[in-house]
**Student:** 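Below is the structure I would like to discuss, written out as structure tokens.
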Amino acid sequence: MAEQQQFYLLLGNLMSPDNNVRKQAEETYDNIPGQNKITFLLQAVRDASAAEEVKQMAAVLLRRLLSSSFEEIYPGLTLEMQTAIKTELLSGIQQETSPTIRKKICDIAAELSRNLIDDDGNNQWPEVTQGCGMLPKFHDKVISALLQTMEDQSNPRVQAHAAAALINFTEDCPKSLLILYLDNLVQHLHVIMVAKLQELIQKGTKLVLEQVVTSIASVADTAEEKFVPYYDMFMPSLKHIVENAVQKELRLLRGKTIECISLIGLAVGKEKFMPDASAVMQLLLKTQTDFNDLEDDDPQISYMISAWARMCKILGKEFQQYLPVVMGPLMKTASIKPEVALLDTQDMENISEDDGWEFVNLGDQQSFGIKTAGLEEKATACQMLVCYAKELKEGFVEYTEQVVKLMATLALTVSRVRVAAAESMPLLLECARVRGPEYLTQMWHFMCDALIKAIGTEPDSDVLSEIMHSFAKCIELMGDGCLNSEHFEELGGILKGKLEEHFKNQELRQAKRQDEDYDEQVEETLQDEDENDVYILTKVSDILHSVFSSYKEKVLPWFEQLLQLIVQLICPNRPWADRQWGLCIFDDVVEHCSPSSFKYAEYFLRPMIQSLCDTSPEVRQAAAYGVGVMAQFGGENYRPFCTEALPLLVRVIQAADSRSKENVNATENCISAVGKLMRFQPECVNVNEVLPHWLSWLPLKEDKEEAVHTFDFLCDLIESNNPIVLGPENANLPKIFFIIADGVSNESIKSEDSCSKRLANVIRQVQTSAGLWTQCISTLNETQQKAIQDLLSTA
């Protein structure tokens with residue numbers, strides 16, 4: 001503390017009007033070791049009790065120090081010290097009350113951020129973008145500094161690094177902030193691009209132009225439709241590069257320019273891009289025609305593959321005509337066969353992942369090794385096949401068979417490829433539908449065994465979750481009869497294993513929390529593991545949902561092997577996520593397997609009713625949804641429980657914070673459940689008493705699915721001239737108009753929803769009475785009035 005006070009005196013002397021005092025202070029300051037200087041200066045800047053001029057002086061000196069002596073001082077600091085400096089600067093930016101000091105702290109952070117950009121242009125301090133997210137002046141500083149550096153014509157390498165840093169910055173910068181600087185940014189980029197294009201033509205230098213083209217692509221990608229006014233400024237030059245940069249040494253520039261054109265097209269949309277689409281497609285086709293002449297390591301290949309997929313997204317069905325040209329090279333890249341090896345522990349000691357190998361642990365001291373060279377391109381190609389299947393649907397049918405055969409062989413390859421393979425399966429089934437049920441079934445049989453096997457053996461939880469998700473979607477698509485008895489037997493064993501592993505992992509984590517070396521870092525790791533486990537649990541729920549919705553009560557005998565494990569999930573002592581997903585599974589049993597579901601009521605009904613008032617909103621939501629489907633599908637056995645649930649639902653809805661962000665979804669499910677009780681189990685409810693309250697809670701704005709249920713019921717009530725809903729002499733119609741208008745403007749009702757036509761008819765009936773129509777419309781604001789007109793024109 002005394003040292004810091006002496007340092008404050010020193011800072012004061014550095015500002016002294018007396019030359020001798022100031023000179024002596026400068027000598028003393030220069031003799032302080034650099035690491036100590038950083039500590040003292042940062043403490044001074046962050047000291048709320050220090051005088052403003054002292055803090056200003058400290059901020060100026062700290063920025064100067066980072067600017068002039070960064071390499072000598074910063075790398076020598078401990079990691080803890082480096083982290084503390086970053087943390088203190090971010091805290092200062094967000095907490096400092098003096099605008100002058102806050103601006104100076106932003107300057108320091110910008111200087112540090114600039115110095116923490118590595119040779120590849122990667123920002124080693126990404127948190128600075130999020131931390132300073134609400135400070136436009138900070139971003140202005142960074143962008144100005146980078147643009148200034150990019151304009152330094154005397155040092156091309158520095159220019160290229162500044163462009164690379166700008167790419168990282170724009171990728172991290174939210175769209176809402178980027179558009180504040182968009183005009184200035186784009187104008188500068190255009191000037192630099194034109195200059196560098198001239199330089200390429202005159203001197204053949206291309207390094208900076210490559211980075212500038214990628215910067216333009218990154219800005220367009222973030223700015224999206226806001227880039228439209230600048231489209232014509234860039235497109236002619238970019239097309240010129242693709243047309244003329246045909247020499248071997250310009251392959252990377254050409255590839256990046258192709259990427260840039262396709263990203264700009266995607267950003268500005270079909271309408272703006274269409275006049276150039278044909279010319280761009282011809283340029284791409286010409287490159288593609290020369291594809292067989294390209295060397296395997298030609299950088300244009302991966303850029304081309306991605307660009308085609310973007311063009312597919314832009315053009316939609318019109319892209320189908322180009323598939324014969326595109327698919328050959330794409331399948332060739334997607335079919336690259338990696339070098340593989342089965343290794344024991346001893347072999348593993350001689351090979352590291354740095355040598356370009358990726359390993360999958362197979363247990364029994366064995367690992368499966370994959371040489372990753374060329375697999376990035378393979379992964380990209382597989383993802384593009386997914387894109388074509390998704391965008392073109394039946395237009396892709398000619399290629400489904402060969403793509404399915406390829407994807408089914410990709411189990412033993414890197415994770416990105418395995419994810420793409422899994423993601424493609426349900427999409428390929430949708431494409432194949434147009435060929436009829438027999439072709440579809442044959443294709444599914446080819447996929448099904450591979451998917452089930454992969455669920456049982458996949459070691460990477462990210463890939464496993466994608467495989468499980470895709471399998472569930474495939475079952476929903478194929479429906480009843482898609483799984484045979486062997487499939488069910490294997491699937492049952494696998495799901496049982498996943499649930500048992502879930503409980504075992506939780507016990508192991510609890511044990512680790514009792515270890516003597518347990519600390520915050522260990523807890524962070526344990527929480528990451530827990531999130532992974534819960535995510536896999538959600539996918540178990542997805543698969544069971546698809547099985548129940550396809551097979552109904554026929555599948556209950558098979559489900560009984562999992563019953564006790566699901567019951568274990570909803571025990572009161574389990575974590576909230578377990579209880580949420582356990583209840584979701586029982587919700588599906590009630591929704592799809594009633595009235596047979598009642599034979600399991602002893603296991604889930606009491607926990608479900610008690611969970612309506614749980615402290616976790618996710619658990620409340622799952623329980624409320626369960627009560628809703630109980631009312632809708634459960635039948636008379638569930639009536640006493642419906643009666644019991646009503647006051648609990650009302651209590652949740654009427655709680656003071658029921659519409660807060662974290663609670664609103666649970667509350668809306670409760671409102672929907674009350675509606676379903678009145679609609680499907682009116683014997684359990686005093687409808688006349690509850691109905692006015694229910695109307696006052698509408699419309700639902702967050703849960704679109706439940707909103708449709710409530711509007712369907714509202715239509716029933718209006719169409720039957722329910723006196724409580726309409727009120728004496730239709731006095732409630734303005735309120736009903738408000739509910740409908742609010743629902744439409746919040747997109748709770750869409751034109752394709754069954755209730756939209758019915759609601760439009762209600763409005764048309766009111767239109768026949770001029771006085772009533774004026775009365776109803778006059779209570780609505782401009783947005784709501786437009787919503788009513790939109791509903792009338794589309795429904």
Side-chain angles (χ1 to χ4, degrees), residues 476 479-480 541 544-560 562-564 566-567 569-570 579-613 619-650 652-653 668-691 694 703 705-717 720 722 754-755:
E476 281 187 32
D480 189 357
S541 173
L544 289 174
H545 168 80
S546 66
V547 170
F548 287 132
S549 62
S550 299
Y551 279 82
K552 311 299 183 192
E553 69 277 355
K554 285 185 295 186
V555 85
L556 289 175
W558 170 83
F559 170 67
E560 286 180 5
L562 306 174
L563 180 61
Q564 289 309 319
I566 310 300
V567 170
L569 285 173
I570 61 173
R579 289 181 289 123
Q580 175 195 7
W581 291 104
L583 286 171
C584 285
I585 291 166
F586 280 119
D587 290 349
D588 278 324
V589 172
V590 175
E591 183 170 354
H592 300 291
C593 307
S594 287
S596 306
S597 64
F598 194 73
K599 64 180 169 186
Y600 307 116
E602 61 181 294
Y603 298 112
F604 68 80
L605 260 180
R606 195 47 45 205
M608 191 174 279
I609 297 291
Q610 288 166 348
S611 296
L612 287 170
C613 297
V619 174
R620 291 200 302 276
Q621 182 174 347
Y625 183 83
V627 172
V629 292
M630 213 185 285
Q632 190 171 356
F633 303 104
E636 59 186 31
N637 285 331
Y638 285 101
R639 279 179 188 164
F641 303 98
C642 292
T643 304
E644 186 182 349
L646 181 63
L648 301 175
L649 293 166
V650 172
V652 174
I653 296 162
E668 291 199 343
N669 270 264
C670 289
I671 295 167
S672 179
V674 171
K676 288 173 186 174
L677 288 173
M678 292 190 290
R679 188 180 186 187
F680 300 109
Q681 300 281 8
E683 306 86 353
C684 307
V685 188
N686 183 337
V687 175
N688 291 352
E689 187 184 314
V690 175
L691 199 48
W694 184 76
D703 194 319
E705 207 173 302
E706 295 308 306
V708 173
H709 285 294
T710 60
F711 276 113
D712 266 332
F713 182 40
L714 183 63
C715 288
D716 288 352
L717 294 165
S720 64
N722 183 287
S754 58
C755 60

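Here, residue 1 is the first one in the sequence, and each next residue gets the next number.
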**Student:** To the nearest 0.5 Å, tell me how far His709 NE2 sits from Cys755 SG.
**Tutor:** 10.5 Å
**Student:** Does a donor on one side chain sit under 3.5 Å from an acceptor on the other, for Glu591 and Tyr625?
**Tutor:** yes
**Student:** Any side-chain heavy atom of Tyr638 within less than 4.5 Å of one from Leu605?
**Tutor:**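 Contact flag for Tyr638/Leu605 side chains = yes.
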**Student:** Can you name the closest pair of heavy atoms from Asp480 and Ser550 and give their distance?
**Tutor:**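 Answer, listing the atom of Asp480 first, then Ser550: CB-O, 3.4 Å.
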**Student:** Which heavy atom of Trp581 sits nearest a heavy atom of Ser541, and at what distance?
**Tutor:**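 Residues Trp581 and Ser541, closest heavy atoms: CE3-OG, 3.6 Å.
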**Student:** What pair of heavy atoms forms the shortest contact from Ile570 to Leu583, and how long is it?
**Tutor:**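 Closest approach of Ile570 to Leu583, heavy atoms only: CG2-N, 3.5 Å.
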**Student:** For Lys599, enumerate each residue passing the side chain to side chain contact (heavy atoms under 4.5 Å, CB included) test, keeping only those at least two apart in sequence or located in another chain.
**Tutor:** Leu556, Glu560
**Student:** Is Val567 close to Phe604 at the side-chain level, that is, under 4.5 Å between some pair of heavy atoms?
**Tutor:**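 Phe604 vs Val567: side chains apart.
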**Student:** Once rounded to the nearest 0.5 Å, what's the spacing between atom CD1 of Ile585 and atom CG of Leu562?
**Tutor:**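 Reported to 0.5 Å precision, the distance equals 8.5 Å.
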**Student:** Taking C-beta and beyond as the side chain, do Arg679 and Gln632 meet within less than 4.5 Å on heavy atoms?
**Tutor:**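 In short, these two side chains do not touch, never coming nearer than 4.5 Å.
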**Student:** Assess, by modelled atom type and distance only, whether the side chains of Glu706 and Ser672 contain a donor and an acceptor separated by less than 3.5 Å.
**Tutor:**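 Yes, Ser672 and Glu706 have a side-chain donor paired with an acceptor closer than 3.5 Å.
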**Student:** Is it the case that the ring center of Tyr551 lies less than 6.0 angstrom away from the ring center of Trp558?
**Tutor:** no
**Student:** Quick one: closest heavy-atom pair of Glu476 and Ser546, and the distance?
**Tutor:**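 Smallest interatomic distance, heavy atoms only, reads CG-CB, 3.6 Å.
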**Student:** Measure the CD-CG distance between Gln580 and Leu569 for me, rounded to the nearest 0.5 Å.
**Tutor:**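 CG of Leu569 is found 11.0 Å from CD of Gln580.
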**Student:** Nearest 0.5 Å please: distance from the CG atom of Asp588 over to the OG atom of Ser597.
**Tutor:** 11.5 Å
**Student:** Just by distance, do the side chain of Ser720 and the backbone of Leu717 share a donor-acceptor pair under 3.5 Å?
**Tutor:** yes
**Student:** Would you check if Arg606 and Ile609 make a side-chain contact, meaning some heavy-atom pair closer than 4.5 Å?
**Tutor:**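 Contact flag for Arg606/Ile609 side chains = yes.
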**Student:** Around atom CD of Glu705, are there more than 12 heavy atoms of other residues, nucleotides or ligands at under 6.0 Å?
**Tutor:**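 Incorrect, the count does not exceed 12.
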**Student:** Quick check: closest heavy atoms across Val589 and Phe548, and the distance to 0.1 Å?
**Tutor:**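 Here Val589 and Phe548 meet closest at CG2-CZ, 3.6 Å.
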**Student:** Evaluate side-chain contact (heavy atoms from CB on, under 4.5 Å) for Leu563 paired with Phe586, printing each intermediate quantity in order.
**Tutor:** CA-CA 10 Å; Leu563 180 61; Phe586 280 119; 3.9 Å; yes
**Student:** side-chain contact (heavy atoms from CB on, under 4.5 Å) between Tyr603 and Gln564: does it pass, once the steps are laid out?
**Tutor:** CA-CA 9 Å; Tyr603 298 112; Gln564 289 309 319; 3.6 Å; yes
**Student:** Rounded to the nearest 0.5 Å, what separation is found between the SG atom of Cys642 and the NZ atom of Lys676?
**Tutor:**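 The distance works out to 11.5 Å.
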**Student:** Would you please test Leu691 and Asn722 for side-chain contact (heavy atoms from CB on, under 4.5 Å) and show each step?
**Tutor:** CA-CA 10 Å; Leu691 199 48; Asn722 183 287; 3.7 Å; yes
**Student:** Would you sort out whether Ser754 and Asp712 count as a side-chain contact (heavy atoms from CB on, under 4.5 Å), showing the intermediate values?
**Tutor:** CA-CA 8 Å; Ser754 58; Asp712 266 332; 3.7 Å; yes
**Student:** Describe, in one word, how the ring planes of Phe598 and Phe641 are oriented to each other, choosing from parallel (under 30°), tilted (30 to 60°) and perpendicular (over 60°).
**Tutor:** tilted
**Student:** Any chance CD of Glu689 has more than 12 other-residue heavy atoms, nucleotides or ligands included, within less than 6.0 Å?
**Tutor:** no
**Student:** Do Gln681 and Thr643 have side chains that approach each other closer than 4.5 Å (heavy atoms only, starting at C-beta)?
**Tutor:**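 No, too far: nothing below the 4.5 Å cut-off.
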**Student:** Taking the side chain as every heavy atom from C-beta outward, state whether Leu649 and Leu677 have any atom pair closer than 4.5 Å.
**Tutor:** yes
**Student:** Answer whether the closest heavy-atom distance between the side chains of Val627 and Leu648 falls below 4.5 Å.
**Tutor:** no
**Student:** Nearest 0.5 Å, please: how far is CG in Leu612 from CZ in Arg620?
**Tutor:**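 Separation between the atoms: 10.0 Å.
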**Student:** Any non-hydrogen side-chain atom of Gln621 less than 4.5 Å from a side-chain atom of Glu668?
**Tutor:** no
**Student:** Does Glu602 have any side chain to side chain contact (heavy atoms under 4.5 Å, CB included) partners at least two apart in sequence or in another chain, and if so, which?
**Tutor:** none
